**Student:** 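Let me begin by handing over the structure; questions about it come next.
No hydrogens, no waters, no symmetry mates; every other heavy atom, side chains included, goes into these values. As the structure is a prediction and not an experimental result, all values here were calculated from the model.
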Amino acid sequence: MAKKTKVAEKKIPLKTWLEADETLRLPAIVPPVTYPIETLVPEVRHQTPAVGQRATRPDGRLHGLGQTKYIDDLAFPGMLYARIKRAGIAAARIKSVDTRAAEAMPGVMAVLTGREIPVNSFGPSLKDQPVLADDFVFHAGDGVAAVAAVTEQIANDALDKIKVEYEPLPAVFDPVEAMQEDAPRVHAPNSNIYATKLIKKGDIEKGFAESDHIFEGSYRTQMVEHVPLEPHASIAVWDPNGRVSIYSTLGRITLGRADIARTLKLPINRVRVIATIVGGNFGGKNEISQEPVLALLSKKTGRPVKGTFTRTEEFIATTTRHPIIMDYKTGVMKDGRLVARKVRLVLDGGAYCSWSETTLGKACILAAGPYNIDNLHAEAFVVYTNKTMTGAMRGFGAPQVCFAYESHMDDIAEALKIDPLDIRLLNAFEEGSPSPTGQVLHSVVVKDSLRTAAERFGWKEPRS
């Protein structure tokens with residue numbers, strides 16, 4: 001039989017237990033910190049210690065390892081794929097759209113036309129662009145119908161089954177021709193000239209009369225596509241409470257959210273836009289494109305719907321840089337001093353306004369260049385044509401006129417046998433110079449920048 005072992009118990013006084021328990025339960029007390037009453041002002045140019053230091057981008061490692069999740073890497077259960085049928089004709093009236101064959105195809109879950117868009121117009125300023133063309137086609141890249149299918153291939157095949165009957169209309173492709181009274185009206189009966197700007201300073205005719213020389217030149221730029229590595233792409237998903245979430249490559253999601261809500265005729269608080277990591281924008285993703293289409297296809301099917309533009313669609317169905325025709329006339333004294341300058345700009349806006357009004361303003365304000373000119377007359381027009389719409393792209397309006405006025409300055413310098421650097425130093429803005437619109441300029445370092453660049457380049461050194 002096992003023998004019981006008696007264990008000795010040590011008695012701890014009640015006071016010791018209470019003291020230990022009280023110690024454990026005491027809150028952490030932070031010693032008081034005395035903050036300086038005097039405001040400390042950092043030394044000039046030392047406010048941000050990170051300037052001039054090596055810094056690691058938060059997303060750099062993921063990019064380097066190829067692990068960044070772009071929108072094309074995202075997928076949802078039951079997700080469908082959307083494609084949009086493009087018109088392929090510059091100007092036409094849509095007589096009929098027959099989608100029956102496409103709807104009958106296995107794997108096609110929904111088809112959408114312009115008549116089903118609650119509010120079929122959008123735009124950053126003028127609401128002149130349809131989500132899907134309904135009655136009329138205004139350029140070849142207009143969408144006329146959309147399909148959601150279980151695979152992209154089936155969606156592509158279904159587009160061929162959609163039959164659209166058009167009545168071709170006269171089209172206009174040259175912006176100067178579009179300004180004529182007898183030119184075809186893109187958005188009839190409205191004029192093709194939909195925005196203008198005029199800047200006047202001094203007396204232009206007097207300035208020309210006092211000039212020793214008059215120089216004229218015409219310059220034009222071409223339409224440019226942004227060509228980001230990642231095309232436009234979005235995914236639309238509805239929840240059971242009737243709210244839509246849109247994952248998108250949009251660069252301006254707040255503006256996009258408002259436009260999406262308007263086109264869907266929804267309160268804005270029922271639209272959520274999630275910005276994905278963008279694989280290139282450059283201004284080309286500043287407004288909505290297919291997002292309302294995807295949202296309506298998703299609502300029709302009850303499933304997430306994803307749409308990704310092809311490279312061809314990037315060129316024909318998204319915004320591009322404005323081509324501008326720029327005419328310059330400049331009065332100059334013998335020593336190269338600019339006395340008067342007259343500028344006329346004609347912007348090709350394509351089929352829709354997009355950001356053309358902003359581009360027009362920038363181009364006109366900057367058209368004279370960074371030079372002191374007492375007498376100035378600058379006028380600008382933006383015109384509808386039946387071409388791909390133009391919009392925001394890296395300084396929209398500024399690069400085009402910069403090319404023109406600097407080319408013009410080189411032409412003047414060559415004709416007067418003046419060094420191109422010297423004629424710029426003679427006329428460039430200085431501290432306190434007024435801009436063409438009367439703004440007094442501060443922190444002006446144009447001449448300093450020119451001298452520094454010329455010195456580093458060795459501009460004045462003899463050339464072999």
**Student:** Does any donor atom in the side chain of E357 or S125 lie under 3.5 Å from an acceptor atom in the other side chain?
**Tutor:**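 Distance-only check passes for E357 and S125.
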**Student:** Does any part of the side chain of L296, heavy atoms only, come nearer than 4.5 Å to the side chain of P118, both counted from C-beta?
**Tutor:**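 In contact.
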**Student:** To the nearest 0.5 Å, tell me how far F396 CZ sits from T320 OG1.
**Tutor:**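 Separation between the atoms: 13.0 Å.
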**Student:** Mark yes or no: K342 above the aromatic ring of F208, with NZ or CZ under 6.0 Å from the six-membered ring centre and no more than 45 degrees from the axis.
**Tutor:**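 Output no; distance or angle outside limits.
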**Student:** Between E230 and K285, is any pair of side-chain heavy atoms under 4.5 Å apart?
**Tutor:**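 When only atoms from C-beta onward are counted, K285 and E230 do touch, with a gap below 4.5 Å.
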**Student:** Is any side-chain heavy atom of V332 closer than 4.5 Å to one of L338?
**Tutor:**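 A side-chain contact under 4.5 Å exists here.
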**Student:** Quick check on L65: does its CG atom have over 12 non-hydrogen neighbours (other residues, nucleotides or ligands) under 6.0 Å away?
**Tutor:**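 Check passes, neighbour count above 12.
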**Student:** With side chain to side chain contact (heavy atoms under 4.5 Å, CB included) as the criterion, how do E430 and V446 come out once you've worked through the C-alpha distance, each side chain's angles and the decisive distance to 0.1 Å?
**Tutor:** CA-CA 7 Å; E430 298 173 317; V446 179; over 6 Å; no
**Student:** Can any side-chain N or O of N192 pair as donor or acceptor with the backbone N or O of T385 at less than 3.5 Å?
**Tutor:**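 Such a contact is absent between N192 side chain and T385 backbone.
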**Student:** Given 3.5 Å as the limit, does a donor-acceptor pair link the side chain of R257 with the main chain of V271, or not?
**Tutor:**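 At least one qualifying donor-acceptor pair exists.
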**Student:** Mind running side chain to side chain contact (heavy atoms under 4.5 Å, CB included) on I94 and V137 for me, showing each step along the way?
**Tutor:** CA-CA 7 Å; I94 299 175; V137 167; 3.9 Å; yes
**Student:** Supply the atom-to-atom distance F429 CZ to N372 CG, rounded to the nearest 0.5 angstrom.
**Tutor:**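 Taking CZ in F429 and CG in N372, the distance rounds to 6.0 Å.
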**Student:** Between the side chains of D157 and Q153, does any donor sit under 3.5 Å from an acceptor?
**Tutor:**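 Checked: D157/Q153 side chains pair up, N/O donor to acceptor below 3.5 Å.
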**Student:** Side chains of I423 and I412: closer than 4.5 Å at any heavy-atom pair?
**Tutor:**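 Result yes, sub-4.5 Å side-chain heavy-atom pair found.
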**Student:** Check the surroundings of atom CZ in R272: do more than 12 heavy atoms from other residues, nucleotides or ligands lie under 6.0 Å from it?
**Tutor:**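 For R272, atom CZ is not crowded (no more than 12 foreign heavy atoms under 6.0 Å).
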**Student:** Is there a donor in the side chain of D411 and an acceptor in the side chain of Y219, or the other way round, less than 3.5 Å apart?
**Tutor:**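 Looking only at side-chain atoms, Y219 and D411 do form a donor-acceptor pair, the distance falling under 3.5 Å.
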**Student:** So does K161 have more than 12 non-hydrogen atoms from other groups sitting under 6.0 Å from NZ?
**Tutor:**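 It does not: K161 NZ has 12 such atoms or fewer within range.
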**Student:** Quick one: does H322's side chain have a donor or acceptor within less than 3.5 Å of a partner on W355's backbone?
**Tutor:**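 Such a contact is absent between H322 side chain and W355 backbone.
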**Student:** Is a salt bridge present between D239 and R243, judged by a nitrogen-to-oxygen distance below 4.0 Å?
**Tutor:**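 Salt bridge flag = yes for R243 with D239.
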**Student:** Does K163 reach the main-chain N or O of S96 with its side chain, forming a donor-acceptor pair under 3.5 Å?
**Tutor:**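 No, the answer is negative, given that no donor and acceptor are paired below the 3.5 Å cut-off.
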**Student:** Before you tell me yes or no, could you show the steps for L80 and T301 under side chain to side chain contact (heavy atoms under 4.5 Å, CB included), namely the whole-Å CA-CA distance, both residues' side-chain angles and the distance that decides it to 0.1 Å?
**Tutor:** CA-CA 9 Å; L80 302 174; T301 60; 3.7 Å; yes
**Student:** Going by an N to O cut-off under 4.0 Å, is there a salt bridge joining D327 and R220?
**Tutor:**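 Answer for the salt bridge query: no.
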**Student:** Tell me yes or no: between the side chains of N190 and Y384, is some donor less than 3.5 Å from an acceptor?
**Tutor:**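 Looking only at side-chain atoms, Y384 and N190 do not form any donor-acceptor pair under 3.5 Å.
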**Student:** Is the CZ atom of R185 crowded by more than 12 outside heavy atoms at less than 6.0 Å?
**Tutor:**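 Yes, CZ of R185 has more than 12 neighbouring heavy atoms, counting only those of other groups under 6.0 Å.
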**Student:** Check the orientation of Y405 and Y371. Use parallel for under 30°, tilted for 30 to 60°, and perpendicular for over 60°.
**Tutor:**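 Perpendicular: the ring planes of Y405 and Y371 meet at over 60°.
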**Student:** List the atom of P168, the atom of A92, and the distance in Å for their closest heavy-atom pair.
**Tutor:**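 Nearest pair, atom of P168 first, then A92: CA-CB, 4.1 Å.
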**Student:** Closest approach of E152 and R83, non-hydrogen atoms and distance?
**Tutor:**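 In terms of heavy atoms, the two residues are closest at O-CG, 4.3 Å.
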**Student:** Treating S298 as the side-chain partner and L294 as the backbone partner, does any N or O pair qualify as donor plus acceptor under 3.5 Å?
**Tutor:**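 Flag not set: sc S298 to bb L294 has no pair under 3.5 Å.
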**Student:** Using a strict cut-off of less than 4.0 Å between a Lys/Arg side-chain nitrogen and an Asp/Glu carboxylate oxygen, indicate whether R311 and E225 qualify as a salt bridge.
**Tutor:**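 Between E225 and R311 there is no salt bridge, as every charged N stays at least 4.0 Å from the carboxylate O atoms.
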**Student:** To the nearest 0.5 Å, how far apart are CZ in F122 and CG in D259?
**Tutor:**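 Those atoms lie 7.0 Å apart.
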**Student:** Side chain of Y328, backbone of F215: donor and acceptor closer than 3.5 Å?
**Tutor:**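 A pair under 3.5 Å: no.
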**Student:** Hey, is D348 close enough to R321 for a salt bridge, meaning N to O under 4.0 Å?
**Tutor:**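 No.
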**Student:** Between the main-chain N or O of K329 and the side-chain N or O of E216, is there a donor-acceptor pair closer than 3.5 Å?
**Tutor:**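 Answer holds: no.
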**Student:** Would you name the heavy atoms of I325 and P175 that are closest together and state the gap between them?
**Tutor:**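 That would be CD1-CG, 4.0 Å.
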**Student:** What distance separates I274 CD1 from I246 CD1, expressed to the nearest 0.5 Å?
**Tutor:**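 CD1 of I246 is found 8.5 Å from CD1 of I274.
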**Student:** With a 3.5 Å cut-off and no angle check, do the side chains of H408 and T330 form a donor-acceptor pair?
**Tutor:**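 Yes, T330 and H408 have a side-chain donor paired with an acceptor closer than 3.5 Å.
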**Student:** Could you tell me whether the side chains of Q129 and S354 share a donor-acceptor contact shorter than 3.5 Å?
**Tutor:**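 There is no such pair (donor and acceptor under 3.5 Å, judged by atom type) between the side chains of Q129 and S354.
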**Student:** Where the side chain of N375 meets the backbone of D203, is there a donor-acceptor pair that is under 3.5 Å apart?
**Tutor:**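 Yes; at least one donor-acceptor contact below 3.5 Å.
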**Student:** At what distance, to the nearest 0.5 angstrom, does OG of S289 lie from CD of E314?
**Tutor:**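 Answer rounded to 0.5 Å: 8.5 Å.
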**Student:** Distance-only, no hydrogens or angles: does the K306 side chain make a donor-acceptor pair with backbone N or O of L74 under 3.5 Å?
**Tutor:**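 Checking the backbone N and O of L74 against the side chain of K306, a donor-acceptor pair under 3.5 Å is found.
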**Student:** With heavy-atom distances below 4.5 Å as the criterion, would you say the side chains of D128 and F138 are in contact?
**Tutor:**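 Of all side-chain heavy-atom pairs linking F138 with D128, none is under 4.5 Å.
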**Student:** Any side-chain heavy atom of T310 sitting closer than 4.5 Å to one from E313?
**Tutor:**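 Of all side-chain heavy-atom pairs linking E313 with T310, at least one is under 4.5 Å.
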**Student:** Quick check: closest heavy atoms across G143 and I84, and the distance to 0.1 Å?
**Tutor:**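 Here G143 and I84 meet closest at CA-CG2, 3.7 Å.
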**Student:** May I ask you to say whether E116 pairs ionically with K299, meaning some side-chain N is under 4.0 Å from a carboxylate O?
**Tutor:**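 No.
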**Student:** Heavy-atom distance under 4.5 Å between the side chains of T390 and M223, does that happen here?
**Tutor:**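 The answer is yes, as the side chains (C-beta and beyond) meet within the 4.5 Å cut-off.
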**Student:** Under a 4.5 Å cut-off applied to non-hydrogen side-chain atoms, are V147 and I154 in contact?
**Tutor:**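 V147 does not reach I154 side chain to side chain.
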**Student:** To check you understand the geometry: which heavy-atom pair defines the closest contact between L266 and W238, and what is its length?
**Tutor:**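 Heavy-atom minimum between the residues: CD1-CH2, 3.7 Å.
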**Student:** Is NZ or CZ of R86 both nearer than 6.0 Å to the six-membered ring centre of F315 and within 45° of the ring axis?
**Tutor:**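 Verdict for F315: no cation-pi partner in R86.
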**Student:** With a 6.0 Å cut-off on the ring centroids, do H187 and Y352 count as close?
**Tutor:**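 Yes; Y352 has its ring centre under 6.0 Å from that of H187.
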**Student:** Does the side chain to side chain contact (heavy atoms under 4.5 Å, CB included) test come out yes or no for R344 and E379, once each step is laid out?
**Tutor:** CA-CA 5 Å; R344 185 176 189 267; E379 59 180 348; 3.8 Å; yes
**Student:** So, does K85 use its side chain to make a donor-acceptor pair with the main chain of L159 at under 3.5 Å?
**Tutor:**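 Yes, K85 side chain to L159 backbone: donor-acceptor pair under 3.5 Å.
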**Student:** What's the spacing between L360 CG and K197 NZ if we round to 0.5 Å?
**Tutor:**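 These two atoms lie 7.5 Å from each other.
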**Student:** For the residue pair I373 and K201, what are the closest heavy atoms and their distance?
**Tutor:**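 Closest approach of I373 to K201: O-NZ, 3.2 Å.
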